[in-house]
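Got a structure for you, questions after.
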Amino acid sequence: MLRTMLANVSAALAVVMVVVSPASAQTDPALLARGDYLVNVIGACGNCHTPREKGQPDLTKQLSGGFQTFDEPWFRVKGANLTPDPETGLGRWSDAEIKSALLEGKRPNGTPIAPIMPFPLYRSMTPRDLDAIVAYLRSVPAIKNQVQAPEYRKEAFNVPYPDAIRQATDEELKQPVKRGAYLAALGHCMACHARRSVDAPPDFKGSWGAGGREFVSPAGKVTAANISSHKEKGLGAWTDAEIKRSLTEGVSRDGRRLKPPMLEYAGYWKSLMPEDLDALVAWLRSIPPIE
Ligand code: HEC
Ligand code: HEC
């Protein structure tokens, strides 16, 4: 009897503690640092979720909603407000609900999230990395910003990604090629570097790394490059240093400045850890040559 009473009291205290202490104060700093790295470096979430000021990400409004509108035959959407604001951000979402958005592309109210958000590639995330992202998102300043509501033009999206992507293990992340593949999924390289057309989803069968997605921006029209190990058409003849420079500085092999959107990602990937850059190179070299 006394035991149950004590258990009830401590359960009640636990509830109170969870409610009153901000998430950041009780979160392990290593987990937060990992979340910061996943969100702000390899994941480049801000590239779609942070507003811009004069062409640059406005870090005073970090993660409070994207600057661009993705207008596709299936949907017209903007990057959501990921800050802890209860009305316009993720403040009222549970950890499990945030993870379900990241892994399954579903919101708490059941509506699907347009697959321009690369959630199908995020299915590879380890449980610790999912926890890290959630912890980090809860630690950023809450900003009230009502993002324009999504418009869905077809009932079901053709989620254009391979089903084979499954959750990675910490053991696999110690092997350079697998670690590189994992980072590439978070960096969603194949959302752009696989063949696709405006009204068709990417074709991953035989085009993994072939490039081909087109982008039009004020900088002009640009096609995502072939990043397979093909000697002439891909990265086969590039040195490791040249590949790393393209990712971290947005410069091609011949010194040409890469165009957006690739250029913008360099602003995030310039902070990649050396072992992660090595792993990405190892993975890129493992992609069979494609014409
Ligand atoms: C290529 C652009 C892009 C990238 C990169 C991206 N997102 Fe998104 N995300 C979107 C868009 C667009 C939406 C809204 C889609 C819609 O309304 O159907 C979205 C929606 C979400 C949602 C659902 C929120 C809501 O209120 O509906 C979450 C959570 C989310 N993203 C988290 C992340 C995280 C965390 C990262 C980085 C690991 C990330 N996103 C990277 C484009 C992106
Ligand atoms: C949002 C789309 C997008 C994403 C995501 C993306 N890229 Fe790119 N990438 C491009 C485009 C477009 C170009 C071509 C830019 C140009 O030619 O100016 C490019 C160019 C490159 C180049 C230079 C190739 C050359 O011949 O100059 C490399 C290397 C590269 N990407 C690797 C990657 C890797 C690795 C990832 C993931 C970690 C990635 N990209 C993610 C769109 C993207």
Side-chain angles (χ1 to χ4, degrees), residues 39-83 113-119 121 143 145-153 157 160 184 186-203 207 209-227 233-235 238 242-272 280:
V39 169
N40 295 322
V41 183
I42 186 63
C45 312
N47 207 35
C48 301
H49 287 284
T50 294
R52 293 199 171 197
E53 185 63 35
K54 301 197 182 99
Q56 292 303 315
D58 180 354
L59 297 179
T60 64
K61 297 189 184 132
Q62 196 205 4
L63 299 174
S64 66
F67 67 98
Q68 72 280 61
T69 300
F70 299 96
D71 198 349
E72 306 235 346
W74 303 290
F75 48 73
R76 190 168 194 277
V77 297
K78 278 179 101 76
N81 181 344
L82 304 183
T83 75
I113 295 168
I116 192 84
M117 157 71 189
F119 62 84
L121 295 170
I143 294 168
N145 178 33
Q146 188 69 57
V147 172
Q148 166 199 312
E151 185 191 319
Y152 300 126
R153 295 166 180 158
F157 310 121
L186 268 54
H188 52 284
C189 319
M190 291 310 173
C192 302
H193 290 281
R195 255 179 230 130
R196 58 169 276 166
S197 63
V198 175
D199 53 2
D203 153 34
S207 80
R213 183 165 165 194
E214 281 195 349
F215 296 87
V216 181
S217 78
K221 198 161 142 181
V222 61
T223 305
N226 181 332
I227 55 168
K233 304 205 166 124
L235 307 178
W238 295 40
E242 285 165 347
I243 295 179
K244 291 178 187 175
R245 186 179 67 159
S246 69
L247 298 176
T248 58
E249 295 174 33
V251 173
S252 187
R253 193 178 183 213
D254 59 7
R256 174 178 71 88
R257 208 168 121 99
L258 295 171
K259 289 188 178 151
M262 189 66 196
L263 179 67
E264 289 152 351
Y265 282 87
Y268 296 88
W269 296 336
K270 65 174 193 254
S271 309
L272 276 167
L280 280 165

So do Trp269 and Met262 actually touch side chain to side chain, heavy atoms under 4.5 Å?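 In contact.
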
Under a 4.0 Å threshold between the charged nitrogen and the carboxylate oxygen, would Lys270 count as salt-bridged to Glu249?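 Here Glu249 does not pair with Lys270 in a salt bridge, since their nearest N and O are not under 4.0 Å apart.
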
Could you check Leu247 against Leu280 for side-chain contact (heavy atoms from CB on, under 4.5 Å), going step by step and ending with a plain yes or no? CA-CA 10 Å; Leu247 298 176; Leu280 280 165; 4.2 Å; yes

Just by distance, do the side chain of Arg213 and the backbone of Ala191 share a donor-acceptor pair under 3.5 Å?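 Yes: the side chain of Arg213 pairs with the backbone of Ala191.
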
Heavy-atom distance under 4.5 Å between the side chains of Ile42 and Leu272, does that happen here?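 A side-chain contact exists here, since the closest heavy-atom pair is under 4.5 Å.
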
State, with a plain yes or no, whether a side-chain heavy atom of Thr83 is found less than 4.5 Å away from one of Asn145.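 The answer is no, as the side chains (C-beta and beyond) never meet within the 4.5 Å cut-off.
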
His49 ring center near Phe67 ring center (under 6.0 Å):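 So the answer is no for these two rings.
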
For the pair Lys244 and Glu242, find out whether any cationic side-chain nitrogen is under 4.0 Å from an anionic carboxylate oxygen.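 No, Lys244 and Glu242 are not salt-bridged.
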
Using the ring-ring contact (aromatic ring centres under 6.0 Å, His included) criterion, which residues pair with Trp238? Sequence neighbours excluded.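 Here no residue qualifies.
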
Taking all non-hydrogen atoms of both residues, which atom of Tyr268 and which atom of Gly46 are closest, and how far apart?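 Looking at all heavy atoms of both residues, the closest pair is OH-C, 3.1 Å.
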
Can you tell if the side chain of Gln56 reaches within under 4.5 Å of the side chain of Asp58, non-hydrogen atoms only?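 They are not in contact (no side-chain heavy atoms under 4.5 Å apart), so the answer is no.
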
Supply the atom-to-atom distance Ile116 CD1 to Phe75 CZ, rounded to the nearest 0.5 angstrom.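 Answer for the CD1-CZ pair, Ile116 versus Phe75, is 5.0 Å.
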
Determine, stepwise, if the pair Lys61 / Thr50 fulfils side-chain contact (heavy atoms from CB on, under 4.5 Å). CA-CA 7 Å; Lys61 297 189 184 132; Thr50 294; 5.8 Å; no

With no hydrogens and no angle check, do the side chains of Asn40 and Gln62 hold a donor and an acceptor under 3.5 Å apart?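 Short answer, yes.
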
Can you tell me how far the CG atom of Leu258 sits from the CZ atom of Arg245, to the nearest 0.5 Å?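 Leu258 atom CG to Arg245 atom CZ measures 9.5 Å (nearest 0.5 Å).
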
Would a 4.5 Å heavy-atom cut-off, applied to side chains only, mark Ser64 and Pro51 as touching?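 Yes, at least one pair of side-chain atoms sits under 4.5 Å.
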
How about CZ on Arg257, more than 12 heavy atoms from neighbouring residues, nucleotides or ligands closer than 6.0 Å, or not?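 No - once you tally the heavy atoms of other residues, nucleotides and ligands closer than 6.0 Å, there are 12 at most.
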
With rounding to the nearest 0.5 Å, note down the distance linking CG in Leu121 to SG in Cys189.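 SG of Cys189 is found 9.0 Å from CG of Leu121.
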
side-chain contact (heavy atoms from CB on, under 4.5 Å) between Val39 and Leu82: does it pass, once the steps are laid out? CA-CA 11 Å; Val39 169; Leu82 304 183; over 6 Å; no

Please check: side-chain N/O of Arg52 versus main-chain N/O of Gln68, any donor-acceptor pairing under 3.5 Å?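 Checking the backbone N and O of Gln68 against the side chain of Arg52, no donor-acceptor pair under 3.5 Å is found.
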
Within a strict 4.5 Å, meaning less than it, do heavy atoms of the Val77 and Tyr152 side chains meet?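 Val77 vs Tyr152: side chains touch.
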
Is the closest basic N to carboxylate O distance between Glu264 and Lys259 below 4.0 Å?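 A salt bridge is absent here (no side-chain N lies under 4.0 Å from a carboxylate O).
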
For residues Cys192 and Ala224, report the shortest heavy-atom separation together with the two atoms involved.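 The answer is O-CB, 3.2 Å.
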
Give the intermediate values and the outcome of side-chain contact (heavy atoms from CB on, under 4.5 Å) for residues Cys48 and Met117. CA-CA 8 Å; Cys48 301; Met117 157 71 189; over 6 Å; no

Below 4.0 angstrom, N of the basic side chain to O of the carboxylate: do Lys78 and Asp71 qualify?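 Salt bridge: no.
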
